[in-house]
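Throughout, a chain's letter reflects where its sequence line sits, starting with A, and its residues are numbered from 1.
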2 protein chains.
Amino acid sequence: MATIRDVAKLAGVSVSTVSRVLNKNGYVHTETENKVADAIQRLDYEPNAVARGLANQKTMTLALILPDITNPYFPLLSKAVENVARAYGYSVILCNADDHLGEPKSYIELLRQAYIGGIIFATHALEPQDIDYLNKHQIPFVVLDRAPTRQYSVVRSRNYEGAKLAVRHLLDSGCRQIAHIYGPPEIFTASERRQGYMDSVQAYDWYRPELMVPGDFQLEGGMEAAKQLMERHPDIDGIFAGNDLMAVGALKALLRMGIKVPEQVAICGFDGIFLTEVIEPELTTIAQPIYEMGALAVKILLGKIAGSDDLDQVHELEVSLVVRQSTKRGKLE
Amino acid sequence: MATIRDVAKLAGVSVSTVSRVLNKNGYVHTETENKVADAIQRLDYEPNAVARGLANQKTMTLALILPDITNPYFPLLSKAVENVARAYGYSVILCNADDHLGEPKSYIELLRQAYIGGIIFATHALEPQDIDYLNKHQIPFVVLDRAPTRQYSVVRSRNYEGAKLAVRHLLDSGCRQIAHIYGPPEIFTASERRQGYMDSVQAYDWYRPELMVPGDFQLEGGMEAAKQLMERHPDIDGIFAGNDLMAVGALKALLRMGIKVPEQVAICGFDGIFLTEVIEPELTTIAQPIYEMGALAVKILLGKIAGSDDLDQVHELEVSLVVRQSTKRGKLE
DNA sequence: ATCAGATGTGGTACCGGTACCATATTTAGC
DNA sequence: GCTAAATATGGTACCGGTACCACATCTGAT
């Protein structure tokens, strides 16, 4: 494999000059530049990424840390991250955080000694001490789906407003008793959505706290919760699930119980994952711009790496109601 | 960040000695080793991965190249790869090949100049010249789902046998006219499955070539194909789809047409992705050991990196029939 | 004509490890 | 007691880039 010294020798110049040509910094005579370009071409030279990383104390690699890539929310997100990163010359290292929780050496230290350029956190397993560590060592990072704060840059979407949108849509579809399956309270987005639900329904006389039941953001939790809800409150005619996976679980449970969707019970999810279009009936959902969120996260991160410090701390994206079969009932009863 | 020289200074030894302690090679007196270990501890020293990579001309990083992570087959595979790789101290770079097909500089060159340790190809966009390149530059690699050959190590599963298993199961479930939706002919696994179907049904008097229709291994292709099949051959009572995604598509199309599954038509897929358990009715499928395939691929790759050259070239794993609702009909008519 | 600043190029220390070679000391065999 | 091998340690070139510094030449303004 050709090195910069080989190129220098062939072009009859010093390595400094070749380096200048490569990085387009410093003065280089056009004629010299051509000679160097020619040598590069002839040797099929490519600068070595590792050597560059060592010299610059920084590599063209980003890390994406997420709970579990098999969760259907994350493939699209990671695709966005990878695509945009690559467009800017960066590679992406994938880290499934859930599988390595109790590990002695944290991911972050591992990444630092690999001179990683920056990190995107799509996991909730990010502790305050990790944040301190990142800031102390000046490692650029962006966080997804977190509470707004001045401690870091966040990319998120309007969960609260989305939840209100969902409830409004269910009401508009003729539902008169809407339950909510909420996600784990330690996940901030789940709480926001729950709050959106509460604030939307509290004024109605049919509302009772028992209409809110916990799920785990997984399929099973949704099934379980829906079953429980329908057994205890048979007159529920609408379910708003805190995420799509639970909504699909709820749908599954209802179908098994012989309850017709949307005729007897309408269902609305949250996230806008591909799965909602696969099942039958297709699921109405509050769609987050997942790809855009991933793409934006990378762009902000690259901005930070480049040194811009004045990037907005919070980037909140709009969600949108996607109406599908699961809420298409004969309006108004 | 502490370097090896800092450790050497603190321990009162040379960098060579520290290096020997770190890599456990060469002679080091126990007492000296303790001093060094102590210094490492005190400085919270971690050897720098990039510097190591440069010195060794090899990094602790693997690349996983796949068509598209949003295809539901790949998240579990990539999780397996990442898990096992990390257990051995390796990181994994994710590459979505589909999105970068026509690019001037191939992925592989990019990875080589990053001193990547090895590559796992789960994509079909691997050309013969790429393979020459890999071999020429001695880059260890493993390929998934390819035809057996002596050119490289392959991890695959018994597609042909699986297809026969699927047809047998449909027959056992009482189907008397079984159609097949096959995947793209350029994908070898799709052809194997098709062949398995053909060899299983050819002897029956009901068999006609028109019972085989092409799909694209995607949801849409499955829907389209199923629709066409049922319109042209209303007496079909069983469909074997070349993969789960098309099977789910077929199911969706049938449900929309008001055809009952499994009562009127039974459906069997192939792959064993999570999606088959999510939908209702749940889908019978020929399950590949996806996680195990990923894990095995990494292990073989690591073996190659370590220098074992005698690893079996072809590793073929067993598939298994997973019977679910979509084929549970009142047996024998 | 003079000189400051712009332009152009080379030399080389450094990034943080590895591994080869040299050297010193200890152990063991005869 | 002598020599070969084993044990123990240090010095340093090298991996392949970057970037600072030194130095030379060329412009253009006064």
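The local environment of CD in B:Gln129 is crowded, with over 12 non-hydrogen atoms from other residues, nucleotides or ligands closer than 6.0 Å.
As rounded to whole Å, 14 Å separates atom C1' of D:dT9 from atom CD of B:Glu31. One can place OH of A:Tyr115 at 13 Å from C1' of D:dT18, the figure rounded to the nearest angstrom. Between the CD1 atom of A:Ile4 and the P atom of D:dA19 there is a distance of 11 Å, given to the nearest Å. Atom NE2 of B:His29 and atom P of C:dT26 are 11 Å apart (whole Å). C:dT18 atom P lies 11 Å from atom CG of B:Leu54, rounded to whole Å. In this structure, the CG atom of A:Asp6 is 10 Å from the P atom of D:dC15, given to the nearest Å. Between A:Asn56 atom CG and D:dG16 atom P there is a gap of 16 Å when expressed in whole angstrom units. C:dT18 atom C1' lies 15 Å from atom CE of B:Met60, rounded to whole Å.
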In sequence, state the C-alpha distance, the side-chain angles, and the governing distance for A:Ile69 and B:Leu94, and then conclude on side chain to side chain contact (heavy atoms under 4.5 Å, CB included).
CA-CA 12 Å; A:Ile69 186 75; B:Leu94 190 68; 5.6 Å; no
Run the side chain to side chain contact (heavy atoms under 4.5 Å, CB included) check on A:Phe121 and A:Ile119 step by step: do they pass?
CA-CA 6 Å; A:Phe121 289 92; A:Ile119 310 181; 3.5 Å; yes
Could you go through A:Leu111 and A:Ile65, starting from their C-alpha distance and side-chain angles, then the distance that decides it, and tell me whether this counts as side chain to side chain contact (heavy atoms under 4.5 Å, CB included)?
CA-CA 11 Å; A:Leu111 294 170; A:Ile65 302 190; 4.1 Å; yes
Just do the side chain to side chain contact (heavy atoms under 4.5 Å, CB included) check on A:Ile305 and A:Lys58 with the steps written out, would you?
CA-CA 10 Å; A:Ile305 291 172; A:Lys58 184 172 288 188; 4.3 Å; yes
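For the OP1/OP2 pair of D:dT7 and a distance below 4.0 Å, the side-chain nitrogens and oxygens of B:Tyr27 include at least one atom meeting the criterion. Between D:dT18 and A:Ser19, a contact under 4.0 Å exists linking OP1 or OP2 to a side-chain N or O. Within the structure, every side-chain polar atom (N or O) of B:Gln57 is placed at least 4.0 Å from both OP1 and OP2 of D:dC14. Distances shorter than 4.0 Å separate none of the side-chain N or O atoms of B:Thr3 from OP1 or OP2 on C:dG16. Neither OP1 nor OP2 of C:dC15 sits under 4.0 Å from any side-chain N or O of B:Asn48.
Residues meeting the side chain to side chain contact (heavy atoms under 4.5 Å, CB included) test with B:Ala37, sequence neighbours left out: none. Every residue two or more places apart in sequence or in another chain that forms a side chain to side chain contact (heavy atoms under 4.5 Å, CB included) with A:Ala39 is listed here: A:Val7, A:Leu10, A:Ala11.
Ranking C:dG8, D:dA19, C:dG17 by closeness to the B:Ala55 side chain, first place goes to C:dG17.
Heavy atoms of B:Val15 sit under 4.0 angstrom from at least one base atom.
Between the side chain of A:Ser16 and the base of C:dG11, at least one donor-acceptor pair of N or O atoms lies under 3.5 Å. Judged by atom type and distance alone, B:Arg52 does not reach the base of C:dG16 through any side-chain donor-acceptor pair under 3.5 Å. Applying the 3.5 Å distance criterion, the base of C:dG17 shares a donor-acceptor pair with the side chain of B:Arg5.
Position along DNA chain D of the nearest nucleotide to A:Pro47 versus B:Arg20 favours B:Arg20 as the more 5'-ward residue.
No side-chain donor from either of A:Gln113 and B:Asn48 sits under 3.5 Å from a side-chain acceptor of the other.
The terminal axes of the helix from C:dA1-D:dT30 to C:dC30-D:dG1, fitted over 5 pairs per end, subtend an angle of 30° to the nearest 10°.
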